[in-house]
Structure formats: structure tokens, C-alpha cells
Amino acid sequence: MQKVATISIGEKTVEMPVISGTLGQDVIDIRKLPAELNVFSFDPGYGETASCNSKITFINGEKGILLHRGYPIGQLAEHASFEEVIYLLLHGELPTEKEYKSFKHTLITHTLLHEQIRNFFNGFRRDAHPMAILCGTVGALSAFYPDASDITVPAHRELAAIRLIAKIPTITAWAYKYTQGEAFIYPRNDLNYAENFLSMMFGLRSEEYRINPILSRAINRILILHADHEQNASTSTVRLAGSTGANPFACVAAGIAALWGPAHGGANEAVLKMLTHIGKKENIPSFLAQVKDKNSGVKLMGFGHRVYKNFDPRAKIMQKTCHEVLAELGIKDDPLLDLAMELENVALSDEYFVQRKLYPNVDFYSGIILKAMGIPTSMFTPLFALARTTGWVSQWKEMIEEPGQRISRPRQLYTGYAERQFVPIEKR
Ligand code: ACO
């Protein structure tokens, strides 16, 4: 029997269908509200609103569960290559061996950038933040692939998706190379996705780059852990921009902009800056006192999440990976890692964080791993954008392919002046 929710305002009552998904909470379909009761719902920040149907990612924030197309994140991070995860997110199933081979070939043959795109990099200051370069250059791709603008053609959508996912490592690595004043390194068809990124990021024209399997495994895992996270701020931005029918390259540029903020993708960079600022274990209590003082504006970066009110499952894997990478790189007693672990322990037993269910999120440890790998702080968020491009593109494609897809257009509760009369300037 169809479950319903009933809302009454004065004499009028309306019944609204309660819809169940495969997993997770039911939702109330409130679309009848304005027509039947002349009201909207009010949900600033959309924390309690399901903005779409999706089959891609499931999160249970209370239990700390994250599934991609039904597969637990832990299993994917342990056993899959990033290319398998791309295929899974885009197409809904893990690839067979034959599909995998052909998909990898398709991806690798789209990694090159149009040679004119090289010129775009020269337009940026050398000290530009790589996220600024990423945002501008990915947006500029829309000028190179106007065919992608006709998103009603399935083949165009597929090609745009592949181009975005295949080219983003090249753009990200070149953004870094540009800020270093080093020559761009071209992608290599004999390397996998993670290896190619490392080769373009750390390789030099003057010598052959040797792939370190420890580093490429760690990058592979970091990419998987950041690949998608349902309707977060940047993904919702991509969907919102995409809902107007805009070019997908421009939509992903919008997602990159949304990811940049310290409350979202910029947090990994902020964690490292915070740890450096704290400096030593003895300073933890005074730092946490600042965090708890609402007037200070200081937050414990890498802690808290809009959805997870329990451990972020990605943070657990990241913590384990962090120890593995440091051990394999021969880094013993890393002072930042020691400080991070102590900070985590103190915060997890502090009433302020316990009461508010604030746990470490994925970014608490990712910065330490990236730093150990020699990736500079300014590249942390670009690396996140690189990984999340797969999620953005999969979510964008799912939205466009949804029957009856409409433009996203939230409403508001207006709290400004009621209508008033214009006053000429000399009388104000
Ligand atoms: N440090 C201190 N206090 C915090 C923190 C934090 N990191 N996070 C939340 N709080 C407090 C809030 O001030 C609030 O306190 P109050 O109830 O006394 O007013 C309470 O905890 C509840 O927080 P919410 O309002 O539910 O948090 P919200 O969902 O709005 O924000 C967010 C989530 C933005 C991630 C926040 O926790 C934060 O800023 N964390 C630090 C930045 C960070 O690590 N971001 C990465 C997120 S994960 C990602 O994007 C991959």
C-alpha cells in the first residue's frame, strides 16, 4: 500500500506520497504543496532535501556506510583499479575483462590536449593557484569541443564524459608544471591512469620517469576514495548547471569552483596548514579551546561532515593507507602524522566533538599521505578535483538521461522589504 504523509494548514489537508528507494530513508514527495496549499518547503542548505533520484552512490551517515553502485568503498579501494571504478560509476556495472581492455584503450586515447590549450596556461600568473588554472582550462575545453553542446545525442554525451575523465589528469599535472616553470610532460599510452598522472606531475623532459609502484597504488586508492559522494556541494553544482542544458565542460568547471572552498575540497589543504600552525602536541589544548570558542571562527579542519555523523568510512581507509605509505616510503616518526593522531585522539574524547558527532573525514589523513609523496599542498584540492571528475560526469550523465529532467530552480523565503515607492536621489 502506498504510504502517504498528510499536511494540514487551516481547513485544507493534502496527502503526499511517501517514496521508498532501495536503501536509506523514505522521502515525502512535496511537489503538490504549492498548488494545493500555496506553500513551499524551507530547507536552507538542502540538508533535508532529496534533489534527485540516483543509482550511483549510497551513503548512510549514521552507520558510516558508502556504496558505489552497491559495492562497499572498502572493497573497491582494496581490490579495484581506478579505471574499473570509472567504468562502474559511468556504466553501472564492473567491466568484464574484454570491456575493461577496450575501456582502458578508449580512455588512454583521449588523454592528449589540443595543442592550442597549451596557450591557455601561459595566460595565468606563475603563482596562480592550480585550482584557478584547472577551473579556467576545463571551462575552456567547451570552446574546443562544441559538439558536446548538443547533449541530446547519446554519443556526444559519452564522448564528452570520456574526454573530461581522460584529460583531467593532463590538465592537473600541467597546472602544476606551469607553476613550477617546468616543461609539460605528455601522457604515455603504456601507463595506467594513476601512473600517468604521476609521470606527468613528477617526470622531467631530461630523463625517463620510473614509476614507483607504492606511489601509484596510493594514488589509485586516493582517487577511488574521492571518486564520488552523492549530492555534495560540487556535484549538486554540476547537476544544477547541467540542468540548464549547458555544455558539460562548463558544468564541470562550475563543479571545480564549488570544490575549491575550504568547507569542501579545500579542506585537505587546510588540514595541513592547520597542523603546521599547531606545530607541536603541547599546543593542541589551546588550539582546541580556540576551535570550541564560537567567536574565534576557527574550525578543526578535517573533522565533521554534513552527512556522516559517525566515522567517515573513507577516513578509516585513508588512515590505514597513510601508515602503509609512510612505512613503505621509509618515513618513520613523521611529526605531522604524530600530531594528527594525537589531535584525533584528543578531539574524539572531547565532549564538544562527541556531543556534536564530529569525526575525522576523508581529508584528515589524505593531506599527510600526499605530502609524504612529495605532492605540494596547493595540489591537494586539484587532485581531489581530478578524482571527483568521474563522479561529476557520471552524475551529470545520469541526470541528463533521466526521463522528464527539468531545470533546477529552488525557491526562497523572501525576507526583504514589501513593495515600496521609488525615492528620487535628492530626497534620500
Ligand atoms: N570544528 C568545530 N566545530 C565544528 C566543526 C569543525 N570542523 N564542524 C562542525 N562543527 C560544529 C558546528 O559549529 C555546529 O556547532 P553548534 O551546534 O554548536 O552550532 C555543530 O558542529 C554541527 O555542525 P553542522 O552545522 O551540522 O555542520 P555542517 O553540516 O553545517 O558542516 C562541514 C559540515 C562544513 C564539513 C563542517 O563540519 C566543517 O566546516 N568541517 C571542517 C572543514 C572540512 O573538514 N571539510 C571537509 C568536508 S568532507 C569533504 O568535502 C570531502
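Just so you know, ligand 1 is whichever comes first in the structure, and atom 1 is the first atom listed for that ligand. Just the heavy atoms: all of them, side chains too, but no hydrogens, waters or symmetry mates, feed the values below.
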K.L.:
Apply side-chain contact (heavy atoms from CB on, under 4.5 Å) to Pro262 and list each qualifying residue two or more places apart in sequence or on a separate chain.
P.N.:
Met301

K.L.:
What residues, two or more places apart in sequence or in another chain, satisfy side-chain contact (heavy atoms from CB on, under 4.5 Å) together with Gln355?
P.N.:
Glu351

K.L.:
Are the side chains of Cys52 and Arg239 in contact, using a 4.5 Å heavy-atom criterion?
P.N.:
yes

K.L.:
Applying side-chain contact (heavy atoms from CB on, under 4.5 Å), can you list everything that pairs with Ile28, at least two apart in sequence or on another chain?
P.N.:
Ala5, Met16, Val18, Ile30

K.L.:
Check whether any side-chain heavy atom of His129 sits under 4.5 Å from a side-chain heavy atom of Trp260, and report yes or no.
P.N.:
yes

K.L.:
Tell me if a side-chain donor or acceptor on Arg126 pairs with a main-chain N or O of Gln180 at a distance below 3.5 Å.
P.N.:
no

K.L.:
Taking only heavy atoms of the protein into account, state which residues are under 4.0 angstrom from an atom of ligand 1, in chain and number order.
P.N.:
Pro262, Ala263, His264, Ala267, Val291, Lys294, Lys299, Leu300, Met301, Gly302, Phe303, Gly304, His305, Arg306, Lys309, Tyr352, Arg356, Leu358, Asn361, Val362, Asp363, Phe384

